[in-house]
Amino acid sequence: MAHSHDQQLDQIPLEQGSYLGSEAARLIGTSTAKIRRWMKGYTYKENGLERKVGPLWQSQLSLSDEHLEIGFRDLIELRFVKSFTDAGVGLLAVRNCLEYARKCVDDDHPFSTQRFRTDGRTIFLESLDNLDGERLLDLKKKQYAFKNIIERSFKDLDLEDGTVARWRPFKGKPSIIIDPQRSFGQPIADLYGVPTVVLADAVKAEGSIAKAARVYEVTPAVIRDAVAFENGLAAA
């Protein structure tokens, strides 16, 4: 019998956050199929033989084979994977970089570390030593795109003790945060602790931002941010 997400939450360390594959996909703006491919691996046929490609890494929350459940650090790593692949860096190069970065940083989730923030471009270039030929030349051209992605991605991430502790997912503004130690890592209004989805739904139910603000005792400006954030997720 399948367990519900709520039942599974009872088994999860509070500080790790919890996201189903569909929730992670929604937050980082990709498909659930890609999340599953990256986190569960996939098979393909070559010359009539079936070949298996393993996951990029093991989820923080390996609760069952049926359900894909990931933690906050997984979510941030996936966000980087998406950014790199969107910029044309192939998954093989990302995988090589990830494996090399693990050794350099000594962390199973290296992309979401302070060390990767400072040394990411160097780590990327050094990881390409495993590749050769035209592909290597093409990737060397992408080193600047890689550096820009790292700089851009860390602008809305807060680090503590060398690793990412929080994500400010709405234009980097402090009003909306994703913090694994609060509300299982769901997006919330920082000063009030109310999930953004609850505030957005309240505006629909009450008929106006002003009324929703009174009901939840949240400022109208924060309600507006929550609504815009949720609308942005829905449109992605």
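Given the structure is predicted, the values throughout are model-derived calculations rather than measurements.
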Item to check | Heavy-atom closest pair, residues S175 and V222 | outcome: CB-CG2, 4.4 Å
Next on the checklist: More than 12 heavy atoms of other residues, nucleotides or ligands under 6.0 Å from CD of E46: yes or no?
Outcome noted: yes
Next on the checklist: Could you check whether atom NZ of K45 has more than 12 heavy atoms from other residues, nucleotides or ligands sitting under 6.0 Å from it?
Outcome noted: no
Next on the checklist: Tell me the closest heavy-atom pair linking S183 and I188, and the distance in Å.
Outcome noted: OG-CG2, 3.7 Å
Checklist entry - Any side-chain heavy atom of T196 within less than 4.5 Å of one from F170? => result no
Item to check | Joint hydrophobic cluster, W167 plus F229, side-chain heavy atoms closer than 4.5 Å | outcome: yes
Next on the checklist: Within the structure provided, determine whether T163 and S112 are in side-chain contact (heavy-atom separation under 4.5 Å).
Outcome noted: no
Item to check | Pairwise distance CD1(I223) to NZ(K211) - rounded to 0.5 angstrom | outcome: 13.5 Å
Next on the checklist: Do P110 and R102 have side chains that approach each other closer than 4.5 Å (heavy atoms only, starting at C-beta)?
Outcome noted: yes
Checklist entry - What is the distance from atom CZ of R121 to atom CG of N148, rounded to the nearest 0.5 Å? => result 9.5 Å
Checklist entry - Side chains of E160 and R166: does their closest heavy-atom pair fall under 4.5 Å? => result yes
Next on the checklist: Test of understanding: clusters of I, L, V, M, F, W, Y form through side-chain heavy atoms closer than 4.5 Å, transitively. Do L157 and Y19 belong to the same one?
Outcome noted: yes
Next on the checklist: So L191 and V218, do their side chains get closer than 4.5 Å, heavy atoms only?
Outcome noted: no
Item to check | Test log, rule side-chain contact (heavy atoms from CB on, under 4.5 Å), inputs I209 and R224 | outcome: CA-CA 7 Å; I209 285 174; R224 272 192 292 274; 3.2 Å; yes
Checklist entry - Which pair of non-hydrogen atoms, one from Q186 and one from S18, has the smallest distance, and what is that distance? => result NE2-O, 3.0 Å
Next on the checklist: Hydrophobic clusters here meaning ILVMFWY residues chained together by side-chain heavy-atom distances under 4.5 Å, can you tell me if I177 and Y192 are in one?
Outcome noted: no
Item to check | Which atom of G71 lies closest to which atom of S59, heavy atoms considered | outcome: N-OG, 4.4 Å
Checklist entry - R115 side chain to C104 main-chain N or O, any donor-acceptor pair under 3.5 Å? => result yes
Checklist entry - Taking atom CG of D86 and atom OG1 of T30, what is their separation to the nearest 0.5 Å? => result 7.0 Å
Checklist entry - In Å and rounded to the nearest 0.5 Å, what is the CD to CE distance from Q58 to M39? => result 7.5 Å
Item to check | Side-chain donor/acceptor of S153 to backbone N/O of I150, under 3.5 Å | outcome: no
Checklist entry - Do the charged groups of E99 and K103 touch, with an N to O distance under 4.0 Å? => result no
Checklist entry - With hydrophobic residues grouped by side-chain heavy-atom distances under 4.5 Å, do L159 and V105 end up in a single group? => result yes
Checklist entry - Tell me, do Q60 and H109 make a side-chain contact under 4.5 Å, heavy atoms counted? => result yes
Item to check | Validation row: V197, P187 side chains within 4.5 angstrom (heavy atoms) | outcome: no
Checklist entry - Are any of the side-chain heavy atoms of K34 and T85 separated by less than 4.5 Å? => result no
Checklist entry - Taking the six-membered ring for Trp, are F111 and F116 parallel (under 30°), tilted (30 to 60°) or perpendicular (over 60°)? => result tilted
Checklist outcome for this item: In terms of heavy-atom contacts, L98 and L56 come closest through CD2-O, 3.6 Å
Checklist entry - Between W57 and D74, does a side-chain contact (heavy atoms from CB on, under 4.5 Å) hold up when you go through it step by step? => result CA-CA 9 Å; W57 65 88; D74 296 322; 2.9 Å; yes
Checklist entry - What are the two closest non-hydrogen atoms of R168 and K155, and how far apart are they? => result NH2-O, 3.1 Å
Next on the checklist: Please report the interatomic distance CG(D156) to CZ(R79), rounded to the nearest 0.5 Å.
Outcome noted: 4.0 Å
Next on the checklist: Determine whether D107 and R73 satisfy the following criterion, salt bridge (charged side-chain N to carboxylate O under 4.0 Å, His left out), listing intermediate values before the conclusion.
Outcome noted: CA-CA 11 Å; D107 192 304; R73 290 285 300 279; 3.0 Å; yes
Next on the checklist: Assigning hydrophobic clusters by single linkage (Ile, Leu, Val, Met, Phe, Trp, Tyr; side-chain heavy-atom cutoff under 4.5 Å), is L78 placed with F146?
Outcome noted: yes
Next on the checklist: Salt bridge or not between R182 and D190? Use side-chain N to carboxylate O under 4.0 Å.
Outcome noted: yes
Checklist entry - Taking atom CZ of F154 and atom OG1 of T113, what is their separation to the nearest 0.5 Å? => result 6.0 Å
